[in-house]
Undergrad: 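Take this structure first; my questions come after.
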2 protein chains.
Amino acid sequence: MVTLKQLARELNVSISTVSKALNNSEEIGEETVRRVKELAELYNYKPNKVALSLKQNKTKTIGVIIPNILNHFLAKVLFGIEREATKLGYNIITCISNESLDKEKESLQILANGSVDGFILSVAEETQIKNEVDHFKKTISQGLPIVMFDRVAHDVMCDKVIVDDFDATYNATKGLLNEGRKRIAFISNIDQISVGKLRERGYAKAILENHDMEPITLIIKKKDDHQKKIKSFLKKNKDIDGVIAADSSSGIIAINTAVNQGKKVPKDISVIGYASRADSNHTLPRLTTIRQHAKVIGANAAQMLVHRLQNMHLNEDVKTKIVKTSLVKTKSILKENNP
Amino acid sequence: MVTLKQLARELNVSISTVSKALNNSEEIGEETVRRVKELAELYNYKPNKVALSLKQNKTKTIGVIIPNILNHFLAKVLFGIEREATKLGYNIITCISNESLDKEKESLQILANGSVDGFILSVAEETQIKNEVDHFKKTISQGLPIVMFDRVAHDVMCDKVIVDDFDATYNATKGLLNEGRKRIAFISNIDQISVGKLRERGYAKAILENHDMEPITLIIKKKDDHQKKIKSFLKKNKDIDGVIAADSSSGIIAINTAVNQGKKVPKDISVIGYASRADSNHTLPRLTTIRQHAKVIGANAAQMLVHRLQNMHLNEDVKTKIVKTSLVKTKSILKENNP
DNA sequence: GTGAAAGCGCTAACAA
DNA sequence: TTGTTAGCGCTTTCAC
């Protein structure tokens, strides 16, 4: 890499002259500016990022800590973050906590040594179970702002981007009730994390508003055979005529299994799941999905963080942004499910 | 963040003494070392990464350029890279090229300003179509090594990690032939990229070895309705009794569609697809999959890059590592498909 | 209009 | 054993 020093020597001017010329300082003579820029162009000079970071005490880099990159929703949020961050002139350093509290702590630690200006993260499962938040608070008190998305720690004062999980699930369940469904089940593979709980509560509320109904819930555990569990669940509960799935796999497997067991979808059973467009392709009929607009969530998180970084001195109050889901209806539910 | 300067002042010693003490230099007295370490611990001192990078002219950071993070295989490779890199003491800066040549060039450019020590990347689709490689060569000549994985540019001299796509597809197709299948189709949603072509060629070779057979190929385009295309393809070609799918969605949709059209899997039709474990859960029966061991690929790429970074002076020859796929057989093919 | 010098945080050669 | 100094690449204040 060419440095200012090298350019300066070659041009027989001082380093600071070169620096100023390249930064369009008024101080420098027109002719000099031209010469400097020409040579810089020729050598493809690019200011050294590390030196700039050191000097200006900011890296223009965001630390992103994702619990699980193989989760399609989280990958999509990452996509949104990356795109927005790039647009705003920031790079992202990605760490994967793998749902582990220790890895999360460690990532925070390692990047807080000057590598990044702030963090965007979704809380690891283990962290949520143990309800630990000190590492977040410590990071923030060190002057590194955090934006949390989706799985957030409510006890931590920081900017947040969340989904209206409770309302969305409540409304989806209401929709199935309005179709006339009487035995609606809730299937979840994400019972341990905050959003999973919110979804379950939204479902339960809608069900319990009918005095003659009770929630029917199937929780899948990590170690379970996902397909087998749902198969035997549907076999045992033959009267189930509706399913709300808290995660994409459960929704897909529910439809495919129901069809396989000879049920007609949506005649005999309606299915709605949290999933993305690509997922809905994996069933026939396509799965009706609650879309979380992951990319928007990511973009919002990036915007909030950058905004805070650029207004650190103002000490603004923390904000929570709610990104509304939308229900994309397909043939996995009855046509007129609104009265 | 606490700095050496602050510690030094508080302890009434010089900065270098503090530095040496923390780095366990033999030079410093036992007692001094103790005092320094104590205070450093108290203040939770961490050496400033940026300053270190500047000083040592290396960042211990790897630039990773992924064409598409929503592709499960690529996400999984990223996972493998991250884990191995972390293990080796490296961070990763992630850029997403979004299959665009310009974004790929730009990412390379931006990170080559001192932000990273080297790159791990998979070539963008547009880059492969236009067959551009200058930006890679330029980066390498600037002293930043590249490791390419999966989609590689053969004209670029650099380390590579690839999959035995050709052989794996050839063998899978042979397997179906050995079952006695006569009308085996190849379905691909990734016809434009190098690995897609390799897979098609592997399939074609196996088919053409039978003098009475012809390849039957369905290429899905980006703008197509994936489900519809496969549906009408299978409807039009009712005699198809085997499918090799080049990508995971095609495999899943093929099974679900076949079942939907009243075919028995695997009695009437066998299906094999490039897909991961999670995907195979999305069909009944489960999809027989060619596993690419994405995490292993990622880990290998990270190892190769770090090895090269740590042996830059040796100027070793470039290597290409082939990671073998494995075929995971399930009930989507006939039990005895080997003669 | 140009340059010298300080300083961001750190390491290391050299001096004391 | 400890301290001084220079230098990594850059910006910026202050002299000239």
Side-chain angles (χ1 to χ4, degrees), chain A residues 1-37 39-40 43-61 89 110-117 142-144, chain B residues 1-37 39-40 43-61 89 110-117 142-144:
Chain A
M1 280 191 46
V2 202
T3 65
L4 288 184
K5 203 185 200 174
Q6 292 165 43
L7 294 180
R9 187 166 36 213
E10 192 139 344
L11 291 162
N12 268 314
V13 294
S14 77
I15 295 177
S16 54
T17 302
V18 179
S19 170
K20 285 170 188 166
L22 290 173
N23 290 306
N24 296 313
S25 162
E26 299 290 310
E27 296 179 23
I28 307 298
E30 216 174 286
E31 167 65 7
T32 315
V33 170
R34 202 189 48 67
R35 281 178 59 225
V36 169
K37 288 202 170 172
L39 196 70
Y43 285 163
N44 190 27
Y45 169 79
K46 293 274 176 301
N48 182 306
K49 182 92 183 304
V50 175
L52 273 179
S53 297
L54 182 61
K55 179 76 185 164
Q56 310 186 330
N57 197 26
K58 58 183 178 191
T59 60
K60 293 279 237 166
T61 302
I110 290 182
L111 297 184
N113 63 1
S115 298
V116 303
D117 295 342
Q142 281 176 29
L144 290 165
Chain B
M1 280 193 43
V2 202
T3 64
L4 289 184
K5 204 185 198 174
Q6 291 165 42
L7 294 181
R9 188 167 35 214
E10 191 138 343
L11 290 163
N12 268 316
V13 293
S14 79
I15 295 177
S16 59
T17 302
V18 179
S19 172
K20 287 172 188 163
L22 290 175
N23 289 306
N24 296 313
S25 162
E26 299 290 309
E27 297 178 21
I28 307 299
E30 216 173 285
E31 168 65 7
T32 314
V33 170
R34 204 190 46 69
R35 282 177 60 224
V36 170
K37 288 201 168 171
L39 197 70
Y43 284 164
N44 190 26
Y45 169 81
K46 293 275 175 302
N48 182 307
K49 181 92 182 305
V50 174
L52 273 180
S53 297
L54 182 61
K55 179 76 188 166
Q56 311 187 329
N57 197 27
K58 59 183 179 190
T59 60
K60 292 281 237 167
T61 303
I110 291 181
L111 297 185
N113 63 2
S115 297
V116 303
D117 295 341
Q142 280 176 30
L144 290 165

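In what follows, every chain begins at residue 1, and chains take the letters A, B, ... in the order their sequences are listed. The structure presented is a predicted model; accordingly, all values stated were derived computationally and were not measured.
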Undergrad: Any donor and acceptor pair, going by atom type alone, linking the side chain of Asn23(B) with main-chain N or O of Ser25(B) inside 3.5 Å?
TA: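 No, the answer is negative, given that no donor and acceptor are paired below the 3.5 Å cut-off.
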
Undergrad: Any base atoms under 4.0 Å from Val13(A), or only sugar-phosphate, or nothing? Heavy atoms, all strands.
TA: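 The answer is sugar-phosphate, as Val13(A) gets under 4.0 Å only of primed atoms, P, OP1 or OP2.
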
Undergrad: For a quick check of understanding: with a heavy-atom distance under 4.0 Å over all strands, which category does Thr3(A) fall into, base, sugar-phosphate or nothing?
TA: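 Sugar-phosphate contact only.
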
Undergrad: Return the value, rounded to whole Å, for the distance between atom CD1 of Ile15(B) and atom P of dG9(C).
TA: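 About 10 Å, once rounded to whole Å.
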
Undergrad: Round to the nearest Å and state the distance from Gln6(B) atom CD to dG9(C) atom P.
TA: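 About 8 Å, once rounded to whole Å.
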
Undergrad: If the condition is side-chain hydrogen bond (donor to acceptor under 3.5 Å, both in side chains), which residues does Lys46(B) pass it with, not counting sequence neighbours?
TA: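 Applying side-chain hydrogen bond (donor to acceptor under 3.5 Å, both in side chains) to Lys46(B) gives Asn44(B).
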
Undergrad: So which of residues 21-29 of chain A are in contact with DNA chain C, with a heavy-atom cut-off of under 4.0 Å?
TA: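 Here the set is Glu27(A), Ile28(A), Gly29(A).
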
Undergrad: Main chain of Glu26(A), side chain of Lys20(A): is a donor-acceptor contact present, judged purely on distance under 3.5 Å?
TA: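 No, Lys20(A) side chain to Glu26(A) backbone: no donor-acceptor pair under 3.5 Å.
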
Undergrad: When the distance from CG of Leu11(A) to P of dG3(C) is rounded to whole Å, what number comes out?
TA: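 Rounded to whole Å, this separation is 10 Å.
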
Undergrad: Expressed in angstrom and rounded to an integer, what is the separation of Asn57(A) atom CG from dC10(C) atom P?
TA: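 So the two atoms are 11 Å apart, to the nearest Å.
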
Undergrad: Let's see if you can work this out: which of dT2(C), dC10(C), dC8(C) has an atom nearest to the side-chain heavy atoms of Lys5(B)?
TA: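 Selected nucleotide (nearest to the side chain): dC8(C).
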
Undergrad: Are side-chain heavy atoms of Ile28(A) and Val36(A) found at a separation under 4.5 Å?
TA: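 They are not in contact (no side-chain heavy atoms under 4.5 Å apart), so the answer is no.
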
Undergrad: Would you call Val2(B) and Leu7(B) a side-chain contact if the rule is heavy atoms closer than 4.5 Å?
TA: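 Side-chain contact under 4.5 Å: yes.
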
Undergrad: So, do Glu31(B) and Arg35(B) sit near enough that their side-chain heavy atoms are less than 4.5 Å apart?
TA: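 Yes, close enough: below the 4.5 Å cut-off.
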
Undergrad: How many Å lie between CG on Leu4(A) and C1' on dG3(C), as a whole number?
TA: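 The answer, rounded to whole Å, is 14 Å.
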
Undergrad: Are any non-hydrogen side-chain atoms of Tyr43(B) and Glu10(B) less than 4.5 angstrom apart?
TA: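 Yes, at least one pair of side-chain atoms sits under 4.5 Å.
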
Undergrad: When you compare the side chain of Val18(B) with that of Arg9(B), does any pair of heavy atoms fall below 4.5 Å?
TA: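 No. Closest side-chain heavy atoms not under 4.5 Å.
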
Undergrad: Between P on dT11(C) and NZ on Lys58(B), what's the gap in Å once rounded to a whole number?
TA: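 Nearest whole value for this atom pair: 13 Å.
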
Undergrad: For DNA chain D, note the earliest and the latest nucleotide, 5' to 3', having some atom under 4.0 Å of a heavy atom belonging to chain B.
TA: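 Both ends considered, the range comes out as dT1(D) to dG9(D).
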
Undergrad: Let's see if you can work this out: which of dG3(C), dT11(C), dC8(C) has an atom nearest to the side-chain heavy atoms of Leu54(A)?
TA: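 Ranking dG3(C), dT11(C), dC8(C) by closest atom to the Leu54(A) side chain puts dC8(C) first.
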
Undergrad: Taking N and O atoms by type only, does the side chain of Lys55(A) place a donor or acceptor under 3.5 Å from a partner on the base of dG7(C)?
TA: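 By the distance-only test, yes, there is a pair.
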
Undergrad: Using the closest heavy atom to pick a nucleotide of DNA chain D for each, name whichever of Ala51(A) or Thr17(A) lands nearer the 5' end.
TA: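 This one resolves to Ala51(A).
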
Undergrad: Is there a donor-acceptor pair under 3.5 Å between the side chain of Lys49(A) and the backbone N or O of Ala112(B)?
TA: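 Not at all, since once roles are kept as given, no pair shorter than 3.5 Å links the two residues.
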
Undergrad: Using a 4.0 Å heavy-atom cut-off, does Thr32(B) contact any base of the nucleic acid, only the sugar-phosphate backbone, or nothing at all?
TA: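 Sugar-phosphate only.
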
Undergrad: Between dG9(C) atom P and Leu52(A) atom CG, what is the distance in whole Å?
TA: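 Checked: the CG to P distance equals 15 Å.
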
Undergrad: Would a 4.5 Å heavy-atom cut-off, applied to side chains only, mark Tyr45(A) and Leu4(A) as touching?
TA: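 Yes, side chains in contact.
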
Undergrad: Given dT2(C), is OP1 or OP2 found less than 4.0 Å from the side-chain N or O atoms of Ser14(A)?
TA: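 No, because none of the side-chain N or O atoms of Ser14(A) sits under 4.0 Å from OP1 or OP2 of dT2(C).
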
